[in-house]
K.L.:
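For reference, the structure I am asking about is given below.
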Amino acid sequence: MIDTPQVVQSTAQITAFIHLTVTLEEMQRQFAPSIGELISTVTSQGISPVGPIIAHHLRGPTDKFEFRLSIPVSAPVTASGRVQAGELPARRVARTIHHGPYEGLRESWGEFMEWIEANGHRPAPDLWESYVVHPDCESDPANWRTELNRPLVS
């Protein structure tokens, strides 16, 4: 289930990220440890996370997902191990909120993409999810919230 989509201007965010190219099975195994690595690296440098985890997919998924698992930060990080400094640039995006467990994301993305096309927008190749309400802060999956963002080129 998604909220009514809107077209908005996103703001630029300084991020720390780990670049991943993985299958769905690998993603399920690597996601949580990679988040731990991100947060540990950022906080060890005295830098504060300033927003939820973001999965910035550089292209639509095929048999593999290529994305930057990111966290917005208060200052640029120094590269360390797999963690790199980055930025999620300001862009014109279509945005909505997915309500519920992650298993429903595929359906929500489909509904969202139908709305984008039906409203005459042309999406860029990338997209991102921001995990606003997630398992670490809410045990009931029905209450999880994932912000879906699709940059637009027209």
Side-chain angles (χ1 to χ4, degrees), residues 1-3 5-106 108-109 112-113 123-153:
M1 175 178 134
I2 63 172
D3 291 346
Q6 299 177 9
V7 175
V8 300
Q9 181 67 36
S10 70
T11 58
Q13 297 179 319
I14 298 169
T15 65
F17 73 88
I18 296 173
H19 187 102
L20 296 168
T21 302
V22 295
T23 65
L24 180 58
E25 286 179 1
E26 292 168 330
M27 184 183 346
Q28 293 169 341
R29 287 192 308 268
Q30 291 190 30
F31 211 83
S34 295
I35 290 170
E37 183 180 346
L38 268 174
I39 292 172
S40 174
T41 301
V42 165
T43 58
S44 74
Q45 294 182 21
I47 297 171
S48 300
V50 295
I53 294 292
I54 298 166
H56 182 197
H57 294 262
L58 305 177
R59 59 181 172 79
T62 55
D63 59 329
K64 293 214 175 194
F65 294 84
E66 182 182 3
F67 64 102
R68 290 180 169 182
L69 186 61
S70 307
I71 189 163
V73 290
S74 59
V77 299
T78 300
S80 177
R82 297 190 308 159
V83 177
Q84 302 293 312
E87 179 182 74
L88 189 60
R91 304 196 37 206
R92 185 172 163 261
V93 301
R95 176 176 289 161
T96 190
I97 301 289
H98 161 79
H99 297 257
Y102 300 138
E103 292 80 11
L105 280 168
R106 173 175 261 169
S108 288
W109 272 109
F112 185 35
M113 288 305 300
D126 65 323
L127 56 92
W128 70 86
E129 299 173 345
S130 182
Y131 305 99
V132 181
V133 179
H134 49 82
D136 289 345
C137 61
E138 171 58 54
S139 61
D140 184 354
N143 295 323
W144 296 351
R145 301 291 178 265
T146 306
E147 183 183 86
L148 310 181
N149 292 274
R150 189 71 193 248
L152 302 173
V153 294

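No experiment lies behind these values; they were computed from the predicted model shown.
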K.L.:
Of R145, H98, R95, H99, which is the lone residue that meets side-chain hydrogen bond (donor to acceptor under 3.5 Å, both in side chains) with D3?
P.N.:
H99
K.L.:
Determine the minimum heavy-atom distance between R150 and P125, stating which atoms define it.
P.N.:
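Heavy atoms of R150 and P125 come nearest at NH2-O, 3.7 Å.
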K.L.:
Locate the shortest heavy-atom distance separating P52 from S130; write the atom from each residue and the value.
P.N.:
CG-OG, 3.2 Å
K.L.:
Are side-chain heavy atoms of H134 and W144 found at a separation under 4.5 Å?
P.N.:
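No; the side chains remain at least 4.5 Å from each other.
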K.L.:
Any idea which heavy atoms bring I47 and S74 closest together, and the distance?
P.N.:
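It is CG2-OG, 3.7 Å.
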K.L.:
Output the distance between atom CD (Q9) and atom CG (L152), rounded to the nearest 0.5 Å.
P.N.:
10.0 Å
K.L.:
Below 4.5 Å, heavy atoms only, C-beta onward: do T23 and D63 meet side chain to side chain?
P.N.:
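Side-chain contact under 4.5 Å: no.
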K.L.:
So, for V133 and N143, which heavy atoms are closest and what is the spacing to 0.1 Å?
P.N.:
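Scanning both residues, the minimum pair turns out to be CG1-O, 3.3 Å.
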K.L.:
Evaluate the criterion side chain to side chain contact (heavy atoms under 4.5 Å, CB included) for residue pair Y102 and S108; output intermediate values, then yes/no.
P.N.:
CA-CA 10 Å; Y102 300 138; S108 288; over 6 Å; no
K.L.:
What I'd like to find out is whether the side chain of L105 reaches to under 4.5 Å of the side chain of T146, using heavy atoms alone.
P.N.:
yes
K.L.:
Could you walk me through whether Q45 and S80 pass the side chain to side chain contact (heavy atoms under 4.5 Å, CB included) check?
P.N.:
CA-CA 10 Å; Q45 294 182 21; S80 177; 4.2 Å; yes
K.L.:
Taking side chain as C-beta onward, heavy atoms only, is R82 less than 4.5 Å from S34?
P.N.:
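The answer is yes; the side chains approach within 4.5 Å.
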K.L.:
To the nearest 0.5 angstrom, please state how far the CD atom of E66 sits from the NZ atom of K64.
P.N.:
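Answer rounded to 0.5 Å: 10.5 Å.
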K.L.:
Does anything in residues 5-35 pair up under ring-ring contact (aromatic ring centres under 6.0 Å, His included), and if so which pairs, sequence neighbours excluded?
P.N.:
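Sorted result for residues 5-35: F31-Y131.
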K.L.:
Apply side chain to side chain contact (heavy atoms under 4.5 Å, CB included) to the pair I54 and L88, showing each step before the final yes or no.
P.N.:
CA-CA 10 Å; I54 298 166; L88 189 60; 4.0 Å; yes
K.L.:
Taking all non-hydrogen atoms of both residues, which atom of V77 and which atom of V42 are closest, and how far apart?
P.N.:
CG1-CG2, 3.9 Å
K.L.:
Are the side chain of Q6 and the backbone of V8 linked by a donor-acceptor contact shorter than 3.5 Å?
P.N.:
no
K.L.:
Just verifying a value: how many Å separate T96 OG1 and M1 CE, rounded to the nearest 0.5 Å?
P.N.:
9.5 Å
K.L.:
According to the salt bridge (Lys or Arg N to Asp or Glu O under 4.0 Å) rule, which pairs have a member within residues 124-136, sequence neighbours left out?
P.N.:
R91-D126
K.L.:
Answer yes or no: is there a side-chain heavy-atom contact under 4.5 Å between I35 and E37?
P.N.:
no
K.L.:
Compare all side-chain heavy atoms of L38 with those of I18 and state whether any distance is below 4.5 angstrom.
P.N.:
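The answer is yes; the side chains approach within 4.5 Å.
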K.L.:
Given side chains that start at C-beta, do those of W128 and R68 come closer than 4.5 Å, heavy atoms only?
P.N.:
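A side-chain contact is absent here, since even the closest heavy-atom pair is not under 4.5 Å.
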K.L.:
What's the separation between atom CG in L69 and atom CD1 in I53, rounded to the nearest 0.5 Å?
P.N.:
5.5 Å
K.L.:
Atom CD of residue position E25 - does it have more than 12 heavy atoms of other residues, nucleotides or ligands inside 6.0 Å?
P.N.:
no
K.L.:
Working to the nearest 0.5 angstrom, can you tell me the gap between L20 CG and F65 CZ?
P.N.:
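Going from CG on L20 over to CZ on F65, the span is 12.0 Å.
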K.L.:
Shortest non-hydrogen contact from E87 to A12?
P.N.:
OE2-CB, 4.0 Å
K.L.:
Any side-chain heavy atom of I2 sitting closer than 4.5 Å to one from W109?
P.N.:
no
